[in-house]
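Notes to accompany the following structure.
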Amino acid sequence: MRIATYNINGVKARIETVLAWLDDSAPDVALLQEIKSVDEAFPRAPFEERGYNVETHGQKGFNGVAILSKRPLEDVTRGLPGDAGDEQARWIEATVMGARAVRICGLYLPNGNPAPGPKYDYKLAWMTRLEARAKTLLASEEPVVLAGDYNVIPQDEDAARPEAWASDALALPQTRAAFRRIVNLGYTEAFRARVQGPGHYSFWDYQAGAWSRNDGIRIDHLLLSPQAADLMTECRIEAEQRGREKPSDHVPVWVTLDA
DNA sequence: ATGGCGACACAATGTCGA
């Protein structure tokens with residue numbers, strides 16, 4: 001089972017790009033972030049024509065997450081538990097059926113800038129809720145994948161210019177500590193379990209020629225429960241997608257599970 | 001230190017992202 005996470009920066013603006021990617025790369029499951037669409041306006045047909053089941057959790061204008069899956073999906077839930085008043089569409093879960101059923105969570109973690117401030121407070125509170133959900137899911141002792149745009153640069157080696165991000169909400173010590181607390185519950189960060197060292201990024205800003213200068217950051221992650229980590233056979237960043245026609249500013253990140 | 005880009009809501013600029 002090949003699972004990809006991909007912040008597409010608007011499904012309406014990116015539809016041709018995403019369809020070309022699906023045709024070339026053919027993931028079994030794709031977790032999309034920043035669909036920037038309400039559910040009723042999401043262009044389901046071209047995905048369904050390609051054999052994908054489509055589940056969305058959108059809102060008007062911003063945010064929004066979706067799951068595309070060639071395998072059946074069960075028990076779909078929307079919204080991160082822990083704050084009934086949170087109206088931002090940033091979380092969707094489903095169980096993907098297969099040789100092993102896998103609980104898959106697609107997330108779009110808040111950016112949090114400027115920090116300090118209310119947006120940063122929201123980010124940290126959201127991460128506390130994520131930690132609680134991650135802990136609950138771990139207790140199931142089933143394969144679990146928490147994947148998406150975390151808006152977290154875990155370590156300095158995950159940025160081409162770490163000094164430029166030192167006081168940014170993506171890299172502040174409190175942000176990194178909150179991310180580590182989740183990993184330290186018992187999750188495996190898929191990419192770093194397989195690839196070490198600097199120079200691996202998943203986002204390049206549209207501005208100032210960031211892609212051509214490889215001035216990137218690694219902020220899209222897949223966290224695997226022990227039962228999922230045991231099934232991992234591959235993890236890679238599909239960086240070449242950043243150089244294609246009308247790209248998102250993020251690229252897909254992949255994990256393959258023997259499930 | 002900032003935000004040069006890009007998407008979106010809404011109708012010319014403002015907000016947001018990272």
Side-chain angles (χ1 to χ4, degrees), chain A residues 5-21 31-43 56-66 86-91 106-124 126-127 130 147-176 178-179 198-221 237 239 241-253:
Chain A
T5 175
Y6 189 6
N7 179 323
I8 62 171
N9 190 18
V11 71
K12 186 177 168 186
R14 209 69 57 210
I15 184 69
E16 295 305 326
T17 304
V18 174
L19 293 176
W21 169 68
L31 302 166
L32 307 181
Q33 299 91 40
E34 283 207 90
I35 63 172
K36 298 186 180 181
S37 167
V38 293
D39 295 335
E40 309 79 64
F42 190 89
T56 63
H57 180 42
Q59 68 179 91
K60 187 182 176 80
F62 300 101
N63 306 325
V65 289
D86 185 358
E87 294 183 353
Q88 298 193 31
R90 297 179 175 276
W91 181 267
L107 66 101
Y108 177 44
L109 204 149
N111 173 306
N113 282 303
K119 292 189 176 181
Y120 193 56
D121 294 341
Y122 175 67
K123 177 176 193 153
L124 293 178
W126 204 95
M127 294 183 84
L130 172 57
D149 176 358
Y150 278 74
N151 272 315
V152 174
I153 301 169
Q155 302 193 96
D156 279 356
E157 66 179 357
D158 298 309
R161 295 181 302 119
E163 68 284 358
W165 298 94
S167 61
D168 191 281
L170 279 63
L172 281 170
Q174 274 185 285
T175 305
R176 290 179 168 177
F179 182 75
H200 303 284
Y201 312 124
S202 65
F203 169 92
W204 296 260
D205 202 297
Y206 289 120
Q207 303 181 70
W211 166 245
S212 61
R213 296 186 292 111
N214 196 25
D215 180 11
I217 53 178
R218 195 176 69 89
I219 58 176
D220 299 273
H221 309 299
I237 300 174
Q241 291 294 327
R242 187 64 177 80
R244 297 189 66 171
E245 198 75 18
K246 208 166 188 295
S248 171
D249 40 9
H250 296 250
V251 296
V253 185

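If you're wondering where the values come from, they're calculated on a predicted model, not measured in any experiment. Chain letters run A, B, ... following the sequence lines, proteins first, then strands; residues in each count from 1.
- For the pair R90(A) and Y108(A), the cation sits on the ring face: its NZ or CZ lies under 6.0 Å from the ring centre, inside 45° of the axis.
- Summarising the geometry, the separation between CD1 on I35(A) and P on dC8(B) is reported as 11 Å, rounded to the nearest angstrom.
- In this structure, the CG atom of D158(A) is 16 Å from the P atom of dA18(B), given to the nearest Å.
- Comparing dA1(B) with dT13(B), their P atoms are spaced 32 Å from each other, to the whole Å.
- When the side-chain nitrogen and oxygen atoms of N113(A) are compared with OP1 and OP2 of dA18(B), none of them lie within a distance under 4.0 Å.
- When atom types are taken as modelled, the side chain of R244(A) and the backbone of W21(A) share no donor-acceptor pair closer than 3.5 angstrom.
- Here N7(A) reaches the OP1 or OP2 of dA18(B): one of its side-chain N or O atoms lies under 4.0 Å away.
- In summary, of the residues considered (V65(A), D220(A), L32(A)), a side-chain contact (heavy atoms from CB on, under 4.5 Å) with N7(A) occurs for D220(A) alone.
- Applying ring pair (Phe, Tyr, Trp, His ring centres under 6.0 Å) to H250(A) and the options Y6(A), Y206(A), W211(A), F203(A) leaves one that passes, F203(A).
- If you measure from atom CG of D249(A) to atom P of dG4(B), you get 15 Å, rounded to the nearest angstrom.
- Regarding I153(A), its CD1 atom lies at a distance of 14 Å from the C1' atom of dG17(B), rounded to whole Å.
- Straight-line distance between the P atoms of dA18(B) and dG14(B): roughly 22 Å, to the nearest whole Å.
- In the set dG4(B), dA18(B), dG6(B), the nucleotide with an atom closest to the side chain of A208(A) is dG4(B).
- Each of dC5(B), dA18(B), dC8(B) was ranked by its minimum atom distance to the side chain of A13(A); first place goes to dC8(B).
- Using a 4.5 Å heavy-atom threshold, the side chains of I153(A) and R176(A) count as touching.
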Writing each nucleotide of DNA chain B 5' to 3' as (, ), [, ], | or . by Watson-Crick or G-U pairing under 3.5 Å yields ....(((((...))))).

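- The side-chain heavy atoms of D168(A) and N113(A), taken from C-beta on, include a pair separated by under 4.5 Å.
- Not a single donor-acceptor pair under 3.5 Å links the side chain of K36(A) to the backbone N or O of G58(A).
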Between the protein and nucleotides 13-16 of chain B, are there any N/O to N/O pairs under 3.5 Å, and if so, what are the atom names and distances?
none

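- Across the P atoms, dA11(B) and dT15(B) are found 14 Å apart, a figure rounded to whole Å.
- For T56(A), the side chain to side chain donor-acceptor pair (under 3.5 Å) test picks out D39(A), with sequence neighbours left out.
- Protein atom CG of D220(A) is 15 Å distant from nucleotide atom P of dG17(B), rounded to whole Å.
- Residue-level contact check: Y150(A) touches neither bases nor backbone, having no heavy atom under 4.0 Å from any strand.
- A heavy-atom distance below 4.5 Å is not found between the side chains of K119(A) and P110(A).
- The residue among D149(A) and K246(A) whose nearest nucleotide of DNA chain B is located toward the 5' end is K246(A).
- Nearest-nucleotide positions on DNA chain B place G10(A) closer to the 5' end than the other of G10(A) and E34(A).
- Regarding contacts with the backbone of dA18(B), a side-chain N or O of H250(A) is found under 4.0 angstrom from either OP1 or OP2.
- Put simply, the side chain of N9(A) and the base of dA7(B) share no donor and acceptor less than 3.5 Å apart.
- In this structure a side-chain-to-backbone donor-acceptor pair under 3.5 Å is present from Y120(A) to T175(A).
- When each of dA7(B), dC8(B), dA18(B) is scored by its nearest atom to the side-chain atoms of R14(A), the top-ranked nucleotide is dA7(B).
- The closest side-chain heavy-atom distance from N214(A) to R242(A) is not below 4.5 Å.
- Rounded to a whole Å, the OH atom of Y108(A) is 11 Å from the C1' atom of dA7(B).
- Note: CZ (R242(A)) to C1' (dA18(B)) measures 12 Å, nearest angstrom.
- Nucleotides dG3(B) and dA7(B) have their C1' atoms positioned 16 Å apart, rounded to a whole Å.
- The residue D168(A) sits apart from the nucleic acid: no heavy atom pair falls under 4.0 Å.
- Here dC8(B) is the nucleotide among dC8(B), dA18(B), dG6(B) with the atom lying nearest to any side-chain atom of K12(A).
- You'll find that the side chain of Q207(A) is closest to dC5(B), out of dG6(B), dC5(B), dG17(B).
- Rounding to whole angstrom units, CZ of residue F203(A) and P of dA7(B) are separated by 13 Å.
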